[in-house]
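First comes the structure, then the notes that go with it.
What you are looking at is a predicted structure, and each value in this text was computed from that prediction instead of being measured. Below, each value reflects all heavy atoms present in this structure, side chains not excepted, and no hydrogens, waters or symmetry copies. In what follows, chains are A, B, ... by sequence order, proteins preceding strands, each numbered from 1.
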Amino acid sequence: MKKMNRCIITLFVAFMCLPILVTLVYSFATEWGKSILPSGYTFKWYAQLYQDPQFIAAISRSLILTVVTLAAVLVILVPSIALVAIYLPKFDHLFKPIVLLPYAIPGVVLATGLMRTYTNGLVPLFAVLSGGLFIYSLPFMYQSVRSSLQEIDGTRLMEAAEMLGASKVYAFIRILLPNIKIGIMVGSLLTFSAFFGEFQLTNMILGGDFETIRIYMLRVMKVNGHLSSAVVMTYLILLVIISALIIKLTNMNRKRSSMMREEAAFKPIVKGSPAHELLNH
Amino acid sequence: MSYLTIENLNLELGGKMILKDLNLSIEKGQLISLLGPSGCGKSTLLRGISGLNSIKSGKVMIDGRDITKLAPKKREVGMVFQSYALFPNLTVADNVAFGLAMKRIDKDTVSKKVAQILELVGLEDKAKSYPGELSGGQQQRVALARSIVVEPKVLLLDEPLSALDAQIRKQLRLELCRLQKKLGITMIFVTHDQEEAMAISDRIFVMHDGQIAQEGTPSQVYFHPSNEFVAGFIGNYNKLNKEQIEHLFGPLIEEGSTYALRPEAIEFTPQDDAVSVVGQIIERHILGNVVRCTVQTQYGTLWVDRMNQGQAVLNDLKDVTLFIRQEDVVTLHQ
């Protein structure tokens with residue numbers, strides 16, 4: 001039974017990894033069409049790709065779009081979710097179906113709606129696109145932040161902080177945020193991947209005027225398969241690096257704050273005088 | 001004038017009136033318990049006093065100051081939550097120092113006060129630990145230290161011992177009592193455990209359906225329950241009706257429809273001024289230091305409590321004569 005399980009898991013992992021492996025090999029192949037293995041290996045597709053200013057520009061655009069939108073999500077959405085969960089729980093049942101709407105509304109419909117409403121020139125199209133992506137982040141962020149809040153009993157922590165004299169904003173920043181950091185991080189990672197690889201909305205709203213990595217990838221794919229494989233691999237590696245960086249940064253923050261606590265360590269006093277001083281006071 | 005006064009307090013939650021025209025007054029330095037079954041409004045009353053739930057009408061005064069409309073942080077009221085609500089990202093020392101830091105007290109004084117209070121609750125060696133590394137009892141002490149260190153005028157404790165096991169619970173409630181007496185803090189302790197309330201309180205307020213059903217010292221509440229609800233909730237009173245009482249003592253008893261008789265007040269041996277009732281023990285339950293006998297009499301079933309001293313005679317008894325004194329019968333009001 002154990003052997004069988006191991007066999008199934010191995011097959012499943014191989015099935016999942018094979019496309020990535022083939023793409024990786026294809027991105028290094030000089031030619032791979034009529035033989036089992038490529039006829040030769042080369043770095044020229046990567047060299048060609050990294051020398052292409054349009055590729056660098058596409059990556060930069062994707063990063064700017066993702067970072068700007070993610071920042072807006074973190075600044076606006078996270079406090080809103082906490083606000084509803086803690087102070088307006090009776091509206092939570094309205095929030096739940098709303099956050100699932102992005103799943104229900106197809107991208108085409110959302111893009112068309114956004115264009116019809118905002119293409120009057122008053123709102124920059126980049127902002128319209130960023131707004132559209134913001135809506136797409138709702139399910140990821142809501143679910144991860146909400147469950148983190150439930151896990152730590154956020155309402156009670158906020159009440160305790162307020163009873164001790166903290167303002168709502170201070171209690172949110174000093175107490176709530178550090179304790180829902182994992183939820184925010186998970187939500188951010190999911191949102192980052194979704195934004196970075198977004199195609200439909202970007203293509204429909206900005207199209208060729210704002211070529212992101214995915215639009216660039218599609219264009220290159222029609223020209224050269226090897227080059228597009230190199231783009232895919234670069235895209236994949238970039239996502240892994242950024243995800244690892246976010247996780248690393250979060251852990252570093254945690255370590256740093258615990259080190260700061262160590263520095264500010266309070267020295268326990270010897271039994272005898274100070275506590276008695278308090279009692280005799 | 002009392003230290004804490006609540007006048008005609010009405011509090012509504014989700015369209016339902018939880019507290020109804022509630023009046024209460026407490027003297028400075030007292031430890032009082034709000035005792036009642038789940039849903040009677042005792043925790044809501046605490047939240048009303050703390051400002052975490054806004055009240056519909058009425059007045060809350062502490063030390064002559066009307067705090068009814070003040071924000072929680074301006075009320076000078078501390079609170080220990082049932083779930084402790086310790087900040088998981090802060091060390092024990094930082095948790096305790098939080099309230100002092102909010103008062104913008106200088107760091108040296110904060111360190112000194114934190115050290116003093118941690119020593120007082122016996123956690124001086126846990127200052128650098130995180131709440132997740134502590135046992136339930138230790139977490140409760142931290143929560144208590146955190147609330148006490150800011151020197152609130154009134155400390156509210158919302159079933160603070162309910163999540164602990166029986167042994168630690170008993171130990172902590174004595175420590176709490178000791179601490180309260182030493183520091184002279186005015187405390188309101190919410191519990192549904194009558195034994196706990198009896199053990200630690202200067203006064204007990206029994207709550208029922210959003211109102212105070214009876215208030216008094218533990219002895220007053222235990223020996224003289226004023227109504228059927230309190231008699232049912234405090235102890236295991238035998239409830240007798242007017243007919244049963246008249247059969248026992250004649251028509252000379254105080255006017256009422258229901259009467260209560262403590263199980264330990266009934267004796268197996270002859271007593272002065274007592275009437276005798278013949279009965280049969282049909283059940284025995286050992287409740288630790290007490291044996292509770294269920295005795296079937298011609299006036300109905302009565303519970304009789306005797307100290308459990310492992311006496312064989314009690315185990316062998318079947319046909320018994322009970323001796324009941326009229327002075328032990330309490331008249332209950334509706």
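At most 12 heavy atoms of other shown residues, nucleotides or ligands fall within 6.0 angstrom of atom NZ in B:Lys56. Counting heavy-atom neighbours within 6.0 Å of B:Lys153 NZ, excluding the residue itself, gives a total above 12. Other residues, nucleotides and ligands contribute over 12 non-hydrogen atoms within 6.0 Å of the NZ atom of B:Lys181.
Contacts between B:Arg47 and chain A at a heavy-atom distance below 4.5 Å involve the side chain alone, from C-beta outward. Contacts between B:Ser50 and chain A at a heavy-atom distance below 4.5 Å involve backbone atoms as well as side-chain atoms. Contacts of B:Leu86 with chain A are made by backbone atoms alone, with heavy-atom separations under 4.5 Å and no side-chain atom involved. The parts of B:Val77 that come within reach of chain A are both its backbone and its side chain, each placing non-hydrogen atoms under 4.5 angstrom from that chain.
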Just distance, no hydrogens or angles: give the donor-acceptor pairs under 3.5 Å from side chains in residues 61-74 of chain A, sequence neighbours left out.
unit_1  : atom_1 : unit_2   : atom_2 : d
A:Arg61 : NH1    : A:Glu211 : O      : 2.8
A:Ser62 : OG     : A:Ala58  : O      : 3.4
A:Ser62 : OG     : A:Ile213 : N      : 2.9
A:Thr66 : OG1    : A:Ser62  : O      : 2.7
A:Thr69 : OG1    : A:Leu65  : O      : 2.6
A:Thr69 : OG1    : A:Ser130 : OG     : 2.9

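Within residues 148-175 of chain A, the residues that have a heavy atom under 4.5 Å from a heavy atom of chain B are A:Asp153, A:Arg156, A:Leu157, A:Glu159, A:Ala160, A:Ala161, A:Glu162, A:Met163, A:Leu164, A:Gly165, A:Ala166, A:Ser167, A:Tyr170, A:Arg174, A:Ile175, listed by number.
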